[in-house]
Amino acid sequence: MRDLVAGMRYLGKGQRWVAQHGRWWGFGLIPALIALVLYAAVLTVLALWSGDIAAWATPFADGWGSPWQGLLRGVFVGLLFAGGLMLSVLTFTAVTLLIGDPFYESLSEKVEESEGYCPPSPDRPVWQEIWIALRDSVHVLLRAAGFGILLFVLGFVPFLGQTVIPAIGFCVSGFFLAVELTSVAMQRRDVPVRERLRLLRGRKALAIGFGTPVVLLFLIPFVAVVLMPGAVAGATLLVRDLVDEGEPPAPDPAGQDRAGAPYAQPGGFGPAPGPFPASQGQPQAPQYPHPPSGPESSAARPPAGW
């Protein structure tokens with residue numbers, strides 16, 4: 001339960017961050033607006049053709065009388081459109097992140113810098129970053145589609161299909177949406193997609209607490225566009241907690257290295273320890289008294305080869 005609440009708080013923290021940095025909020029709106037236009041067109045076509053799709057998918061009901069034919073095809077249309085909306089929510093984030101990869105990368109870096117430390121990005125060209133993001137998104141969406149098909153079929157089960165299954169569907173969508181939103185900060189850390197899934201599966205409640213409210217809010221027209229920059233900011237803050245990564249300690253001016261080992265001690269970068277005090281530096285050659293000058297010097301001087 002604690003992780004569930006923490007996930008919701010990260011969403012609020014992300015929205016608060018972009019509210020305090022209005023320029024970055026406007027910057028993050030651009031790719032979301034482009035994606036919104038594309039998805040509005042696709043959903044409009046789906047709504048116009050859903051009746052024909054239902055009739056094509058249920059030919060066995062052509063001879064059914066009223067009201068059973070209309071009831072079956074009405075349920076099919078409802079589930080089809082609900083599935084389209086769920087798929088839109090999942091793919092909207094992926095497509096928006098692909099369109100706005102440079103935008104959201106800059107936004108995420110700014111969030112991390114404001115928290116004290118931003119890990120350096122891998123030295124890769126932009127096209128390679130976009131290709132990795134596309135490949136990872138397809139991997140996540142295929143996994144989500146498998147769950148979506150199963151939940152779609154279970155939606156026909158009486159009572160459960162209209163109560164429990166939709167709730168499970170929102171949680172599943174929230175988990176995979178969290179995977180997508182955290183991909184910006186995870187990719188900067190060069191964390192592979194399978195490892196991202198493993199990390200979030202280890203804290204499912206945190207991922208669901210963050211992603212499920214986003215899914216529900218994204219169902220409201222135009223809200224996805226407004227919340228997208230804050231969702232990326234919140235996901236960045238979540239990743240910092242998930243990987244438990246902070247700013248690396250700076251070298252101590254008094255002679256401590258990053259690992260905390262004193263200078264000139266094992267683990268430090270200074271000279272190796274020796275039998276002499278540190279103030280003397282490197283060991284010196286043995287010093288002997290200067291031999292006296294004069295005739296008696298030969299007696300005082302040690303023999304050659306000593």
Can you check whether [X] reaches [Y] side chain to side chain, under 4.5 Å on heavy atoms?
X: Thr212; Y: Met8; result: no
X: Thr182; Y: Leu200; result: yes
X: Leu242; Y: Met186; result: yes

About how many Å separate [atom2] of [Y] and [atom1] of [X], when rounded to the nearest 0.5 Å?
X: Leu227; Y: Leu217; atom1: CG; atom2: CG; answer: 5.5 Å
X: Ser183; Y: Arg188; atom1: OG; atom2: CZ; answer: 10.5 Å
X: Leu141; Y: Glu180; atom1: CG; atom2: CD; answer: 5.5 Å
X: Leu206; Y: Arg2; atom1: CG; atom2: CZ; answer: 12.5 Å
X: Asp136; Y: Arg196; atom1: CG; atom2: CZ; answer: 4.5 Å
X: Leu72; Y: Phe76; atom1: CG; atom2: CZ; answer: 8.5 Å

Worksheet item: How about Arg135 and His139: does a side-chain donor come under 3.5 Å of a side-chain acceptor?
Response: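 Looking only at side-chain atoms, His139 and Arg135 do not form any donor-acceptor pair under 3.5 Å.
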What heavy-atom pair brings [X] and [Y] nearest, and what distance separates the two atoms?
X: Phe92; Y: Ala32; value: CZ-O, 3.8 Å
X: Pro31; Y: Ile99; value: CB-CG2, 4.0 Å
X: Ala178; Y: Phe210; value: CB-CD2, 4.2 Å

Worksheet entry | Glu112: which of Thr236, Val239, Leu107 passes side-chain contact (heavy atoms from CB on, under 4.5 Å) |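 Going through Thr236, Val239, Leu107 one by one, the side-chain contact (heavy atoms from CB on, under 4.5 Å) with Glu112 is satisfied by Thr236 alone.
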Worksheet item: With Val225, which of Ile30, Val37, Ile34, Leu33 fulfils side-chain contact (heavy atoms from CB on, under 4.5 Å)?
Response: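 Between Val225 and the candidates, side-chain contact (heavy atoms from CB on, under 4.5 Å) is satisfied uniquely by Leu33.
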Practice prompt. Would you please test Val18 and Gln15 for side chain to side chain contact (heavy atoms under 4.5 Å, CB included) and show each step?
Written response: CA-CA 5 Å; Val18 294; Gln15 301 302 328; 4.2 Å; yes
Discussion item. Using a strict threshold of under 4.0 Å (side-chain N to carboxylate O), is an ion pair present between Asp241 and Arg203?
Written reply: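 Yes, Arg203 and Asp241 are salt-bridged.
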Joint hydrophobic cluster, [X] plus [Y], side-chain heavy atoms closer than 4.5 Å:
X: Leu142; Y: Leu98; value: yes
X: Ile168; Y: Phe147; value: yes
X: Leu154; Y: Phe81; value: yes
X: Ile149; Y: Ile165; value: no

Discussion item. Can you confirm whether more than 12 heavy atoms, excluding those of Arg201, are under 6.0 Å from its CZ atom?
Written reply: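 Count over threshold, so yes.
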Worksheet item: If you draw a 6.0 Å radius around CZ in Phe60, do more than 12 non-hydrogen atoms from other residues or ligands fall strictly inside?
Response: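 Correct, the count exceeds 12.
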Test item: [X] side-chain N/O and [Y] main-chain N/O as donor-acceptor pair under 3.5 Å:
X: Tyr104; Y: Gly28; answer: yes
X: Ser108; Y: Glu105; answer: no
X: Trp25; Y: Val226; answer: yes

Worksheet entry | Parallel, tilted or perpendicular, as decided by the 30° and 60° cut-offs, for the rings of Trp24 and Phe27 |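 Judged by the thresholds at 30° and 60°, the geometry between Phe27 and Trp24 is perpendicular.
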Practice prompt. Quick one: do Trp56 and Asp52 satisfy side chain to side chain contact (heavy atoms under 4.5 Å, CB included)? Show the steps, please.
Written response: CA-CA 6 Å; Trp56 170 80; Asp52 294 333; over 6 Å; no
